[in-house]
Amino acid sequence: MLKEYRTAREIAGPLMLVENVEGVKYNELVEIETSEGDIRRGQVLEIDGDRALVQLFEGSTGLNINDCRVRFLGKSIELGVSSDMLGRVFDGFGRPKDNGPRIIPEKKLDINGSPINPTARDYPSEFIQTGISAIDGLNTLVRGQKLPIFSGSGLPHAQLAAQIARQAKVLGAESKFAVVFAAMGITFEEADYFISDFRRTGAIDRSVLFINLANDPAIERIATPRMALTCAEFLAYEKDMHVLVILTDMTNYCEALREVSAARKEVPGRRGYPGYLYTDLSTIYERAGRIRGKSGSITQIPILTMPEDDKTHPIPDLTGYITEGQIILSRELYRKGILPPIDVLPSLSRLKDKGIGKGKTREDHADTMNQLFASYARGKQAKELAVILGEAALSDVDRLYAKFADEFERRYVAQGENEDRSIEETLNLGWELLTILPKSELKRIRDEYIEKYLPEKGEE
């Protein structure tokens with residue numbers, strides 16, 4: 001029989017102080033019963049002697065501390081997991097949100113996960129095809145990687161996330177692929193867009209959605225990514241699936257963390273975020289990867305909107321330290337009408353070399369990638385020069401580079417929301433664009449690849 005306490009002493013925002021408690025542990029789940037018999041849930045945030053600080057999930061509105069009963073349940077938050085979760089939509093706490101039946105769990109797992117032994121980790125080395133040229137060709141995603149997307153408010157990151165969720169696949173062996181999609185603090189319209197897009201395209205059949213709306217409690221927002229990752233770990237390591245986890249928007253998650261930290265009267269760090277923001281984010285991002293001896297894997301794409309498009313802001317800054325690169329969306333490209341507006345030059349995938357080449361994508365991938373990067377960078381420089389000095393100041397070769405930069409943005413970076421390009425199509429498109437330049441300028445590609453892959457136009 002659980003012991004009941006009637007010693008709640010103080011409430012501040014989502015926090016409640018309970019005194020004279022015994023044997024209570026950090027992170028323990030708590031039930032608070034009101035005088036009307038309503039049950040609210042919470043979690044132990046801090047213990048000081050015989051006093052416990054409880055974080056309420058549903059908020060403290062209407063709670064009377066004099067007549068509520070508090071029970072400590074002796075376990076942390078758990079998610080009941082099952083293969084039947086595929087094709088379903090849940091709220092941030094893992095409760096069905098799609099009017100479907102309750103999930104009968106195969107097992108219950110602690111949402112905080114258990115740490116992976118670093119020596120048991122396997123190195124990410126297999127290519128994941130997203131169908132988006134700017135990612136597949138130039139900033140390749142590798143199975144087991146964490147590759148965030150840095151966006152800004154108003155940029156189409158939601159459309160990009162939905163497109164990746166629809167199109168992503170592991171090439172080669174017929175492997176079971178699943179998408180776990182967690183949305184935090186999004187509007188009802190965005191939630192409706194994601195759910196209806198997944199249903200319309202049939203992507204829902206291999207997906208699990210966790211949706212936390214902007215008007216849901218901040219505490220639920222903190223649990224949402226952990227719920228999603230717990231589900232992903234079950235599918236990856238127990239059902240041998242390759243799982244892509246998309247987390248959007250990590251900025252809303254960090255704002256919820258800041259809100260709770262302020263309610264606890266903690267000493268703030270940079271920009272008011274708690275000093276442990278780095279540690280907290282790492283407990284989410286580091287749950288991606290591959291484990292030796294297991295055929296499943298977890299690949300993560302966290303999406304965050306940079307406040308004021310500032311990549312030195314604490315959220316993108318710390319995310320960049322923990323993850324293996326970043327895909328950056330550009331407001332300038334978006335204004336030009338280029339969708340998705342991926343700015344390939346500051347974007348980076350630190351593991352791309354491990355996932356490309358013969359037997360994975362194609363032998364010419366690394367050379368053409370380097371050549372496209374270099375040519376686009378020089379083309380942008382030529383265009384900037386033309387703005388300052390006028391086009392007459394450009395040499396003939398510089399004019400070709402400027403033309404290449406325009407065509408590269410228009411044909412390679414830009415693609416339709418429903419256009420799913422195979423890696424062969426992406427590589428061939430790159431070669432086609434390189435015919436704009438003289439053959440003598442292709443200094444980063446081996447001669448045998450130029451002979452084999454360059455279209456005839458390059459011979460003229």
Side-chain angles (χ1 to χ4, degrees), residues 29-33 37-43 55-59 73 75-113 158 161-162 165-166 176-239 241 243-249 252-253 256 284 287 298:
L29 209 53
V30 183
E31 273 185 0
I32 298 105
E33 191 174 339
D38 290 341
I39 301 280
R40 298 196 194 186
R41 297 191 306 161
Q43 188 179 12
Q55 181 173 313
L56 302 169
F57 297 147
E58 289 94 354
L73 305 183
K75 58 179 183 179
S76 52
I77 307 178
E78 293 175 330
L79 175 68
V81 288
S82 158
S83 307
D84 297 336
M85 295 176 87
L86 288 165
R88 298 292 303 276
V89 183
F90 301 92
D91 70 4
F93 272 136
R95 295 172 294 215
K97 197 180 166 75
D98 53 5
N99 300 323
R102 264 184 64 245
I103 295 289
I104 297 169
E106 290 175 37
K107 54 166 60 179
K108 291 195 168 188
L109 299 176
D110 186 333
I111 67 160
N112 296 300
R166 269 199 314 271
K176 295 183 288 181
F177 195 85
V179 176
V180 175
F181 189 94
M184 294 155 277
I186 62 170
T187 62
F188 180 78
E189 284 79 12
E190 283 177 299
D192 190 53
Y193 166 76
F194 284 126
I195 294 167
S196 54
D197 185 82
F198 275 56
R199 286 200 172 124
R200 177 179 59 81
T201 57
I204 189 88
D205 296 337
R206 60 166 191 173
S207 306
V208 186
L209 276 69
F210 290 86
I211 306 279
N212 163 266
L213 297 174
N215 61 344
D216 288 332
I219 311 302
E220 184 179 304
R221 210 153 298 150
I222 294 171
T224 306
R226 293 179 170 85
M227 291 280 173
L229 286 161
T230 303
C231 172
E233 284 166 354
F234 172 74
L235 294 174
Y237 305 136
E238 304 211 12
K239 298 296 175 186
M241 298 181 90
V243 186
L244 176 65
V245 179
I246 299 176
L247 306 170
T248 180
D249 177 346
N252 292 337
Y253 169 84
I284 293 174
R287 288 171 76 173
I298 295 178

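Summarising the geometry, atom CD1 belonging to Ile222 is positioned 9.5 Å from atom CD1 belonging to Ile284; distances are rounded to the nearest 0.5 Å. Between Cys231 atom SG and Phe90 atom CZ the span is 7.0 Å, to the nearest 0.5 Å. Atom CG in Asp91 sits 7.5 Å away from atom OG1 in Thr224 (nearest 0.5 Å). To the nearest 0.5 Å, the span separating CZ on Phe57 from CZ on Arg41 amounts to 6.0 Å. In this structure, CD1 on Ile77 lies 11.0 Å from NZ on Lys75, to the nearest 0.5 angstrom. Here CZ of Phe198 is found 8.5 Å from CZ of Arg206. Values are rounded to the nearest 0.5 Å.
Pairing each heavy atom of Glu190 with each of Ile186, the nearest pair is OE1-CB, 3.4 Å. Across all non-hydrogen atoms, the minimal contact from Val89 to Asp98 is N-OD2, 3.1 Å. In plain terms, the two heavy atoms of Ala158 and Tyr193 that are nearest each other are O-CE2, 3.9 Å. Among all heavy-atom pairs drawn from Gly185 and Asn252, the shortest one is O-ND2, 3.1 Å. The two residues Pro105 and Ser82 make their nearest non-hydrogen contact at CA-CB, 4.4 Å. Between Ala178 and Met241, the closest heavy-atom pair is CB-CE, 3.8 Å.
Of the candidates Leu79, Val245, Ile111, Asn112, Leu229 forms a side-chain contact (heavy atoms from CB on, under 4.5 Å) with just one, namely Val245.
Asp205 places no side-chain N or O within donor-acceptor distance of the main-chain N or O of Gly87, the cut-off being under 3.5 Å. Formation of a donor-acceptor pair under 3.5 Å by the Glu220 side chain with backbone atoms of Pro217 is not found in this model. At distances below 3.5 Å, at least one donor-acceptor pair connects side-chain atoms of Arg88 with backbone N or O atoms of Pro101. No donor-acceptor distance shorter than 3.5 angstrom exists from the side chain of Lys239 to the backbone of Lys176, with no hydrogens or angles considered.
A salt bridge is absent between Arg221 and Asp216; no separation between the charged side-chain nitrogens and carboxylate oxygens falls under 4.0 Å.
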The test is side-chain contact (heavy atoms from CB on, under 4.5 Å); show your working for Leu56 and Ile219 and say whether it passes. CA-CA 7 Å; Leu56 302 169; Ile219 311 302; over 6 Å; no

Before you tell me yes or no, could you show the steps for Leu235 and Val208 under side-chain contact (heavy atoms from CB on, under 4.5 Å), namely the whole-Å CA-CA distance, both residues' side-chain angles and the distance that decides it to 0.1 Å? CA-CA 10 Å; Leu235 294 174; Val208 186; 4.3 Å; yes

Test side-chain contact (heavy atoms from CB on, under 4.5 Å) applied to Ile298 and Val180, step by step: CA-CA 10 Å; Ile298 295 178; Val180 175; over 6 Å; no

I'd like to know whether Glu106 forms a side-chain contact (heavy atoms from CB on, under 4.5 Å) with Phe234, so could you lay out the CA-CA distance, the side-chain angles of the two residues, the decisive distance to 0.1 Å, and finally the verdict. CA-CA 10 Å; Glu106 290 175 37; Phe234 172 74; 3.5 Å; yes

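Annotation: Arg95, atom CZ; neighbour count of heavy atoms from other residues, nucleotides and ligands within 6.0 Å is above 12. Around CZ of Phe177, the count of heavy atoms belonging to other residues, nucleotides or ligands within 6.0 Å exceeds 12.
Thr230 places a side-chain heavy atom less than 4.5 Å from the side chain of Arg287. The side-chain heavy atoms of Leu213 and Lys97, taken from C-beta on, include a pair separated by under 4.5 Å. Within the 4.5 Å cutoff, the side chain of Glu78 has no heavy atoms near those of the Leu29 side chain. Asp84 places none of its side-chain heavy atoms less than 4.5 Å from the side chain of Ile104. Between Phe210 and Met85 there is a side-chain heavy-atom pair separated by less than 4.5 Å.
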